[in-house]
S.K.: 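Could you have a look at this structure, given as structure tokens, before my questions?
Being a predicted model, the structure only gives us computed values, none of them experimental. Sequence lines set the chain letters: A, B, ... in the order given, protein chains first and strands last, and positions in each chain run from 1.
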There are 2 protein chains.
Amino acid sequence: MDIRPPLKMTRQRAVILEELRGVTTHPTADEVYEMVRKRIPRISLATVYRNLELMAREGLIQRLDVAGGPKRYDGDPGLHYHVRCVRCGRVDDVHGIPPVDLPQARLEQVTGYRLLAHRLEFRGVCPACRGAEGPGAGS
Amino acid sequence: MDIRPPLKMTRQRAVILEELRGVTTHPTADEVYEMVRKRIPRISLATVYRNLELMAREGLIQRLDVAGGPKRYDGDPGLHYHVRCVRCGRVDDVHGIPPVDLPQARLEQVTGYRLLAHRLEFRGVCPACRGAEGPGAGS
DNA sequence: ATAAGTGCAAACGTTTTGCCCTAGC
DNA sequence: GCTAGGGCAAAACGTTTGCACTTAT
């Protein structure tokens with residue numbers, strides 16, 4: 001019931017994973033492609049997409065579906081939340097915050113769903129953008 | 001600093017808003033298009049997109065960026081969370097749950113961001129899909 | 001040896017755009 | 001009458017897929 005074929009370790013797979021693990025910028029598939037291309041010039045974008053998707057399913061990495069933009073990928077598979085800057089779009093990790101405690105039983109009661117997980121994303125203004133525009137501007 | 005030109009009230013705009021307010025299904029732009037088309041057969045998909053986007057910016061409706069799928073729109077502009085069924089993809093409202101209390105000051109300290117908002121989305125199995133497949137199956 | 005994985009190019013679904021016409025204000 | 005808004009068709013965008021070849025196991 002949980003048997004899956006072991007992942008074949010190809011060079012492209014290894015490099016994709018290495019590159020992703022080496023940054024904390026949560027790149028898009030296209031950005032990963034550009035990073036990997038420096039080491040494997042003939043790699044195809046399709047391979048990058050296929051492997052990112054695959055590794056996300058395997059739990060080796062995380063796929064982030066950020067609001068209003070392409071998917072991003074996170075080399076850190078551990079549980080943590082993210083903040084997205086509403087000005088420049090960058091995504092940062094939120095460490096040091098314990099997983100929020102949700103009234104799961106009550107939620108299941110109210111919705112009728114069997115709950116599996118939740119996704120929490122913060123939005124704000126990153127340090128760089130705060131400095132650039134000053135704290136006075138509200139949208 | 002907050003002056004924006006008032007919205008011209010056109011027939012297409014009124015109908016889009018009415019239709020969206022009339023359902024709780026969080027339709028995609030294409031689904032809104034089909035709904036509106038019954039009343040304005042010559043409306044274009046582009047108009048639907050333009051107005052949904054515009055109304056979302058104005059705060060008249062909400063845009064939901066659900067993971068791994070097209071954007072959905074919610075005629076209810078008030079604050080509430082959503083649950084998405086991982087089997088069939090439908091999105092339901094979560095009412096009767098107070099906004100979760102987050103350690104905002106600490107978050108700002110840890111991240112360096114000025115926090116503006118958060119987005120919380122639940123994932124689970126909806127009543128219909130629970131019934132259809134039985135409760136024993138885990139992914 | 002055999003299946004999984006790759007590169008390439010083409011297809012796909014969603015969303016945006018440019019243009020000229022239409023209609024609110 | 002002036003300008004925002006609409007219809008249409010084409011383009012852009014991110015992503016997926018079919019196919020023949022390659023490579024890890």
S.K.: Does any N or O in the side chain of H80(B) come within less than 3.5 Å of the main-chain N or O of G78(B), such that one atom is a donor and the other an acceptor?
M.R.: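 Side chain of H80(B) to backbone of G78(B), a donor-acceptor pair under 3.5 Å: yes, one is there.
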
S.K.: Just how far, in rounded Å, is P of dG6(D) from CG of L52(B)?
M.R.: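 So the two atoms are 11 Å apart, to the nearest Å.
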
S.K.: Using OP1 and OP2 only, check whether a side-chain N or O of Y49(A) sits under 4.0 Å from dT16(D).
M.R.: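 Checking dT16(D) against Y49(A), no side-chain N or O comes under 4.0 Å of OP1 or OP2.
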
S.K.: Distance check needed: dA12(D) P versus D30(A) CG, whole Å only.
M.R.: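 Distance check: D30(A) CG to dA12(D) P gives 16 Å.
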
S.K.: In terms of side-chain heavy atoms of A46(A), which of dC8(D), dG6(D), dC8(C) is nearest?
M.R.: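 Of dC8(D), dG6(D), dC8(C), dC8(C) is nearest to the side chain of A46(A).
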
S.K.: Quick one: which of dG6(D), dT15(D), dT14(C) gets closest to the side chain of P70(A)?
M.R.: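 Closest nucleotide among those given: dT15(D).
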
S.K.: Round to a whole Å and report the spacing from NZ of K8(A) to P of dT25(D).
M.R.: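 About 7 Å, once rounded to whole Å.
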
S.K.: Does any N or O in the side chain of E19(B) come within less than 3.5 Å of the main-chain N or O of V32(B), such that one atom is a donor and the other an acceptor?
M.R.: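 No, the answer is negative, given that no donor and acceptor are paired below the 3.5 Å cut-off.
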
S.K.: Please state whether the phosphate of dT23(D), meaning OP1 or OP2, lies under 4.0 angstrom from any side-chain nitrogen or oxygen of Q12(A).
M.R.: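 For Q12(A), the contact criterion (side-chain N or O under 4.0 Å from OP1 or OP2 of dT23(D)) is not met.
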
S.K.: Check whether any side-chain nitrogen or oxygen of R50(A) sits under 4.0 Å from OP1 or OP2 of dT15(D), and answer yes or no.
M.R.: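 Result: no.
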
S.K.: If each of T10(A) and A29(B) is mapped to the nucleotide of DNA chain C with the nearest heavy atom, which maps nearer the 5' terminus, i.e. the 5' end?
M.R.: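 Its nucleotide being nearer the 5' end, the pick is T10(A).
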
S.K.: Rounded to whole angstroms, how far apart are CG on L45(B) and P on dT14(C)?
M.R.: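 Taking CG of L45(B) and P of dT14(C), I get 10 Å after rounding.
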
S.K.: For I43(A) and dT23(D), what is the distance between atoms CD1 and P respectively, to the nearest whole Å?
M.R.: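 In whole Å, dT23(D) P and I43(A) CD1 are 14 Å from each other.
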
S.K.: Within the pair T28(A) and dG14(D), is there a side-chain N or O less than 4.0 Å away from OP1 or OP2?
M.R.: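 Answer is no, no contact under 4.0 Å.
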
S.K.: Between OG1 of T111(B) and NE2 of H95(A), what distance do you get to the nearest 0.5 Å?
M.R.: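 Rounded to the nearest 0.5 Å, the OG1-NE2 separation comes to 12.0 Å.
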
S.K.: Quick check on dG5(D): is either OP1 or OP2 less than 4.0 Å from any side-chain nitrogen or oxygen of T47(B)?
M.R.: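 No, because none of the side-chain N or O atoms of T47(B) sits under 4.0 Å from OP1 or OP2 of dG5(D).
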
S.K.: Both K71(A) and N51(B) contact DNA chain D. Taking the nearest nucleotide for each, which residue is further toward the 5' end?
M.R.: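 Its nucleotide being nearer the 5' end, the pick is N51(B).
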
S.K.: What integer distance in Å separates R57(A):CZ from dG5(C):P?
M.R.: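 Atom-to-atom, R57(A) to dG5(C), this comes out as 11 Å.
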
S.K.: Starting at atom CZ of R13(B), determine the distance to atom P of dC25(C), rounded to an integer number of angstrom.
M.R.: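 The answer, rounded to whole Å, is 10 Å.
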
S.K.: For L64(B) and H26(B), work out which heavy atoms get closest and say how close.
M.R.: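 Result for this residue pair: CD1-CD2, 3.6 Å.
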
S.K.: Any idea which heavy atoms bring A29(A) and V48(A) closest together, and the distance?
M.R.: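 For A29(A) versus V48(A), the nearest heavy atoms are O-CG1, 3.7 Å.
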
S.K.: What is the separation between atom CD1 on I16(B) and atom C1' on dG7(D), rounded to the nearest whole Å?
M.R.: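 Distance check: I16(B) CD1 to dG7(D) C1' gives 13 Å.
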
